[in-house]
Trainee: 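After the structure tokens below, expect a handful of questions from me.
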Amino acid sequence: MHHEDLRQELALAARSFYERGWMLGTAGNLSARMAEEAFWITASGRPKDLLDTEDFVSVNLQGEVLLAPGGRKPSAETSIHQVIYQHIPEARVIFHVHSIEANLCGHFARNGQLRLPPLEMLKGLGVPDAEPEIDLPVFANHQDVARIAKDMDTAFTQAIPPVPGALIHQHGVTAWGSDLLSARHHLELLEYCFRYLVQAKALAIGVQA
Ligand SMILES: CSC[C@@H](O)[C@@H](O)C(=O)COP(=O)(O)O
Ligand SMILES: [Zn+2]
């Protein structure tokens, strides 16, 4: 796939996530690794329903800008993408969005972990078990993004998350995959789990039942 096509695919994904209410008011950022040492990432502060190829900046895995159309700045959260690419070689595409459900679910976490409901759909997140006990890591939010990235770096050095995603409390969810489609499916499946947990809580039913 040509690099330019990757940007167009990312722009299409962003528009679709925007329409689902996950990237309102410029929130969120998307990236795709186009080479071993470099990735495209959304420029900072751009409206996510209106991205074009000029709204992507290429950076290397150390976060240095390689190509910035019109002097655009890379996403303020580029360091988080870097940490994921550095620790998880299978990750080629990363989607970070701010959905209401992701933010509500941060409140259900215990000790920095959110227990996912044992749904059949977890199989789409690579969980083979019939009775899974899967905990999604939940990181604290910090205004200094480098601190979030550092916490992730420390945690991922200990253990890669059991499913391809992580939450940042009061902020949003990040999901990744080996290509555009798998990253989208992982994000959709995590969002499905979040919606399920929010609705289960509203109905006051346990998720293990
Ligand atoms: C709507 S403000 C959201 C930002 O603070 C940030 O969390 C975000 O996801 C988008 O930042 P950006 O620099 O545009 O990639
Ligand atoms: Zn964000």
Side-chain angles (χ1 to χ4, degrees), residues 6-34 38-85 91 93-107 109 112 114 136-153 155-156 161 164-177 180 183-184 186-188 190-191 194:
L6 263 183
R7 284 178 284 177
Q8 278 159 358
E9 299 275 358
L10 287 171
L12 272 178
R15 179 180 298 209
S16 155
F17 300 153
Y18 175 89
E19 283 165 1
R20 299 181 217 193
W22 299 350
M23 301 195 92
L24 300 179
T26 78
N29 31 75
L30 312 183
S31 76
R33 202 160 163 178
M34 94 285 264
F39 58 93
W40 288 118
I41 189 158
T42 42
S44 189
R46 305 298 298 157
K48 301 307 189 303
D49 54 334
L50 299 173
L51 298 179
D52 64 28
T53 51
E54 304 290 288
D55 291 315
F56 291 86
V57 175
S58 96
V59 296
N60 66 19
L61 288 197
Q62 287 67 49
E64 293 157 352
V65 172
L66 305 176
L67 209 95
R72 294 234 198 282
K73 299 266 175 294
S75 165
E77 293 170 345
T78 300
S79 54
I80 292 174
H81 293 244
Q82 276 169 250
V83 167
I84 295 166
Y85 288 129
V93 174
I94 299 172
F95 294 150
H96 163 68
V97 301
H98 295 196
S99 65
I100 297 212
E101 287 81 0
N103 283 331
L104 288 171
C105 280
H107 296 283
L114 176 71
L136 188 72
V138 182
F139 293 92
N141 195 34
H142 297 290
Q143 291 316 299
D144 177 12
V145 177
R147 277 187 71 187
I148 308 175
K150 181 86 192 79
D151 288 351
M152 283 189 173
D153 186 40
F156 291 4
L167 267 182
I168 307 170
H169 190 44
Q170 308 274 46
H171 181 156
V173 62
T174 303
W176 53 85
L180 284 146
R184 177 158 74 81
H186 294 158
L187 179 62
E188 286 174 346
L190 285 173
E191 288 289 348
F194 300 154

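First listed ligand is number 1; within each ligand, the first listed atom is number 1. Numbers here are sequence positions counted from 1. Quick caveat: nothing in here was measured; it's all calculated off a predicted structure.
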Trainee: For atom 13 (O) of ligand 1, what is the nearest protein heavy atom, given as residue, atom name and distance?
Mentor: Ser44 OG, 2.6 Å
Trainee: Look at atom 7 (O) of ligand 1 and find which of Glu77, Lys48, Gln143 reaches it with the closest heavy atom.
Mentor: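 Looking at heavy atoms only, Glu77 sits closest to atom 7 (O) of ligand 1.
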Trainee: Taking just the N, O or S atoms of His96, which one is nearest to the Zn ion (ligand 2)?
Mentor: NE2
Trainee: Can you tell me if His98 has a non-hydrogen atom under 4.0 Å from ligand 1?
Mentor: yes
Trainee: Quick check: Gly28 and ligand 1, any N/O pair under 3.5 Å apart?
Mentor: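 N/O-N/O distance under 3.5 Å: yes.
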Trainee: To check your reading of the model: name the closest protein heavy atom to atom 11 (O) of ligand 1, its residue, and the distance in Å.
Mentor: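 Heavy-atom neighbour on the protein nearest atom 11 (O) of ligand 1: Asn29 ND2, 3.8 Å.
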Trainee: To check your reading of the model: name the closest protein heavy atom to atom 2 (S) of ligand 1, its residue, and the distance in Å.
Mentor: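 Answer, as residue, atom name and distance: Thr26 OG1, 4.6 Å.
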Trainee: Would you confirm whether Ser75, through its side chain, and Thr42, through its main-chain N or O, come within 3.5 Å as a donor-acceptor pair?
Mentor: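 Not confirmed, Ser75 side chain does not pair with Thr42 backbone.
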Trainee: Should the pair Phe39 and His81 be assigned to parallel (<30°), tilted (30 to 60°) or perpendicular (>60°) ring geometry?
Mentor: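 Rings of Phe39 and His81: parallel, under 30°.
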Trainee: Which heavy atom of Tyr18 sits nearest to which heavy atom of Met23, and what is that distance?
Mentor: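 It is CD1-O, 3.4 Å.
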Trainee: Determine yes or no for a side-chain-to-main-chain donor-acceptor pair under 3.5 angstrom, with His96 supplying the side chain and Asn29 the backbone.
Mentor: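 Not at all, since once roles are kept as given, no pair shorter than 3.5 Å links the two residues.
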Trainee: Going by the atom numbers of ligand 1, which of them fall below 4.0 Å from some non-hydrogen atom of His96?
Mentor: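 Contacts of ligand 1 toward His96, numbered from 1: 9 (O).
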Trainee: I'd like to check whether Arg46 has a polar contact with ligand 1, where a contact means an N/O of the residue lying under 3.5 Å from an N/O of the ligand.
Mentor: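 No; the residue has no nitrogen or oxygen that sits under 3.5 Å from a nitrogen or oxygen of the ligand.
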Trainee: Please report which non-hydrogen protein atom sits nearest to atom 14 (O) of ligand 1, along with the residue it belongs to and the distance in Å to one decimal place.
Mentor: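 The protein heavy atom lying closest is Gly45 N, 2.7 Å.
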Trainee: Donor-acceptor pair, Asp151 side chain versus Ile148 backbone, under 3.5 Å?
Mentor: no
Trainee: Name the closest protein heavy atom to atom 15 (O) of ligand 1, giving the residue it belongs to and the distance to 0.1 Å.
Mentor: Ser75 OG, 2.6 Å
Trainee: Of all the atoms in ligand 1, which lie at a distance below 4.0 Å from a heavy atom belonging to Ala76?
Mentor: 12 (P), 13 (O), 15 (O)
Trainee: Are Glu188 and Arg20 ion-paired here, with the side-chain N under 4.0 Å from a carboxylate O?
Mentor: yes
Trainee: Do any nitrogen or oxygen atoms of Gly25 come within less than 3.5 Å of a nitrogen or oxygen of ligand 1?
Mentor: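 Checking ligand 1 against Gly25, no N or O pair falls under 3.5 Å apart.
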Trainee: Have a look at Glu77 and say which of its N, O or S atoms is nearest the Zn ion (ligand 2).
Mentor: OE1
Trainee: As a quick check of understanding, evaluate side chain to side chain contact (heavy atoms under 4.5 Å, CB included) for Trp40 and Val57, giving each step before the final call.
Mentor: CA-CA 6 Å; Trp40 288 118; Val57 175; 5.9 Å; no
